[in-house]
2 protein chains.
Amino acid sequence: MTEPEALPERHGRGRRPADEVRADVLKTVGALLLKEGSADLTFERVARHAGVSKTTLYKWWPSKGALALDGYFHAVQPALAFHDTGDIRADLVDQLRAFAYIMIAAPGGQALLELIGQSQTDPDLATALRTLYTSERRRLAGERLTVAQEAGQIRADVDVQVLVDQLWGATYYRLLVPDEPVTDDFLVALVNNLLDGIAPR
Amino acid sequence: MTEPEALPERHGRGRRPADEVRADVLKTVGALLLKEGSADLTFERVARHAGVSKTTLYKWWPSKGALALDGYFHAVQPALAFHDTGDIRADLVDQLRAFAYIMIAAPGGQALLELIGQSQTDPDLATALRTLYTSERRRLAGERLTVAQEAGQIRADVDVQVLVDQLWGATYYRLLVPDEPVTDDFLVALVNNLLDGIAPR
DNA sequence: TACTTATATGTACGTGGCGTCCACATCAGT
DNA sequence: ACTGATGTGGACGCCACGTACATATAAGTA
């Protein structure tokens, strides 16, 4: 009962348009990633599923991480905008909810956690991940927080980048090391703890 | 110039005392983990280095994760006690400093990050990690925070488990996704943000 | 002491991914 | 029509996986 491995759609021997090949590959990687996670993603399997030769894969994507990451962003639409209604407390909770939804309920969330996991032992992937994703998201969050700071909703002496870790970083931690679940109460508490402080006033 | 792979110290054919074998294995795993990280840790290599047969390894440790985790805790002494001087602000900063030191400067810190990483795709390892380590550390942190709460240093309506994520979880995030470094200022800011709140008073 | 059971040993096997190489085919631009 | 970049199938050696087998011996039992 060996897996049929789907339909490779064999091609002739010669060259095919680079864009066409590239599109086939990314589509395949995205599909495999969403269906099976990044654990079983191998050059060998991608080549078979996409009907593309390994040689080609190795030429375009230097590491499995680069391949996975590239496929991930073609499969998953981030759609994680930072709204600005003027109410920083509500905006943060909203954004955290959207983020948690993507990570928990939407396809691809688990794949991103796995990519972060693999980046612990794959420097190329770590660099790619930071450059293409986390760094940008950290910047966007920082921007929204800075607006709030300039509006006087956050004290001027606070380093907003630390807040990013205490909000999204804390959430990532619960996702990566699930001793405790990410609930709506948790997300609300994250924001309240920071805005109000936890010491008696 | 193929690696000599150290000295396997060959044994005869029959059975050796189980404890002796077990000790050899854990010692070897710990050493490999500290020297090379968990990426290149394989049953094959452990068997060779420890002078033990693969069959034995598979019998005692069901997965690579179980093996790595077992070796890790025999190699690294956590030594992460939670002091109680009565000053929760100082105690938290102290503990975070000790934690950051272990993770950054001491051998084994990187290994733990890699184990967390691999646990994203290895359910057995994830379970073992939570059971043997993270859950216990979360509990200890919670205890110290609860003492502070009962002493009136933290408001009664605060969920102390959320604080664990906003302190250690946030730090883990910076270690796992190093867009920003874990500095002493960062650790201090984590505590201050929560205790004082970030909104103008 | 003799016997039994649990366990470690060497060895080998098939599977499968890795990363690289080759000769050949064909697209794309001049 | 020519040429170079790029894709193709195919094959290679290496290594780790996970399993199996027959054999050897330590530890527990009678």
Side-chain angles (χ1 to χ4, degrees), chain A residues 1-29 32-33 36-68 114 118 121-125, chain B residues 1-5 7-29 32-33 36-68 118 121-125:
Chain A
M1 188 81 78
T2 54
E3 193 182 352
E5 286 287 356
L7 28 153
E9 217 183 298
R10 313 278 275 85
H11 297 286
R13 200 156 212 263
R15 179 191 187 190
R16 286 196 302 144
D19 289 353
E20 187 181 318
V21 170
R22 196 177 165 75
D24 279 1
V25 170
L26 292 180
K27 186 175 143 196
T28 300
V29 173
L32 288 177
L33 220 44
E36 317 178 347
S38 70
D40 293 339
L41 192 78
T42 68
F43 278 89
E44 210 93 28
R45 271 161 63 74
V46 171
R48 251 176 298 154
H49 278 72
V52 155
S53 78
K54 270 199 303 176
T55 316
T56 306
L57 292 183
Y58 278 104
K59 169 165 279 177
W60 288 91
W61 293 274
S63 73
K64 188 172 107 176
L67 180 57
E114 290 173 12
Q118 289 196 254
T121 47
D122 181 341
D124 288 342
L125 174 56
Chain B
M1 188 77 79
T2 54
E3 192 184 352
E5 286 286 357
L7 27 151
E9 215 183 299
R10 312 277 276 88
H11 299 284
R13 200 161 212 261
R15 180 191 185 191
R16 286 196 302 144
D19 290 354
E20 189 181 317
V21 170
R22 196 178 164 75
D24 280 1
V25 171
L26 291 180
K27 186 174 142 197
T28 301
V29 173
L32 288 177
L33 221 43
E36 317 179 349
S38 69
D40 294 340
L41 192 79
T42 68
F43 278 88
E44 209 95 27
R45 269 160 65 76
V46 171
R48 249 176 301 157
H49 278 72
V52 154
S53 78
K54 268 197 304 175
T55 315
T56 305
L57 293 183
Y58 278 105
K59 168 164 281 179
W60 288 90
W61 293 274
S63 74
K64 190 172 104 176
L67 180 57
Q118 290 195 254
T121 47
D122 182 341
D124 288 343
L125 174 56

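This is a predicted model, so every value here is computed, not measured. Lettering follows sequence order; numbering is per chain, from 1.
Atom P of nucleotide dT9(C) and atom NZ of K59(B) are separated by 11 Å, given to the nearest angstrom. Distance Q118(A) CD to dG17(C) C1': 14 Å, rounded to the nearest Å. The nearest whole Å value for the distance from the CG atom in D40(B) to the P atom in dC18(C) is 15 Å. Rounded to a whole Å, the CH2 atom of W61(B) is 15 Å from the P atom of dC17(D). Atom NZ in K54(B) sits about 16 Å away from atom P in dA8(C), given to the nearest Å. Per the geometry, NE2 belonging to H49(A) stands 11 Å off P belonging to dG17(C), to the nearest Å. As rounded to whole Å, 13 Å separates atom C1' of dG10(C) from atom CD of E44(B). To the nearest angstrom, P of dT20(C) lies 13 Å from CG of L57(A).
At distances below 3.5 Å, at least one donor-acceptor pair connects side-chain atoms of S63(B) with backbone N or O atoms of A66(B). A side-chain donor-acceptor contact under 3.5 Å links T42(B) to the backbone of R45(B).
Put simply, the side chain of V25(A) reaches to within 4.5 Å of the side chain of V46(A), judged on heavy atoms. Contact of the V21(B) side chain with the W60(B) side chain is not registered, since no non-hydrogen atoms from C-beta on lie closer than 4.5 Å.
Under 4.0 angstrom from either OP1 or OP2 of dT11(C) there lies no side-chain N or O belonging to S53(B). Regarding contacts with the backbone of dG7(D), a side-chain N or O of W60(A) is found under 4.0 angstrom from either OP1 or OP2. In this structure, R48(A) reaches the dG17(C) phosphate: one of its side-chain N or O atoms is under 4.0 Å from OP1 or OP2. T42(B) has no side-chain polar atom (N or O) that falls below the 4.0 Å cut-off from OP1 or OP2 of dC15(D).
For R45(B), whose side chain is taken as the heavy atoms from C-beta onward, the closest listed nucleotide among dT11(C), dA11(D), dA16(D) is dA16(D). Side-chain proximity of F43(B) to the nucleotides dC18(C), dC17(D), dT8(D) is greatest for dC17(D).
Within a 6.0 Å sphere centred on NZ of K27(B), heavy atoms belonging to other residues, nucleotides or ligands number 12 at most.
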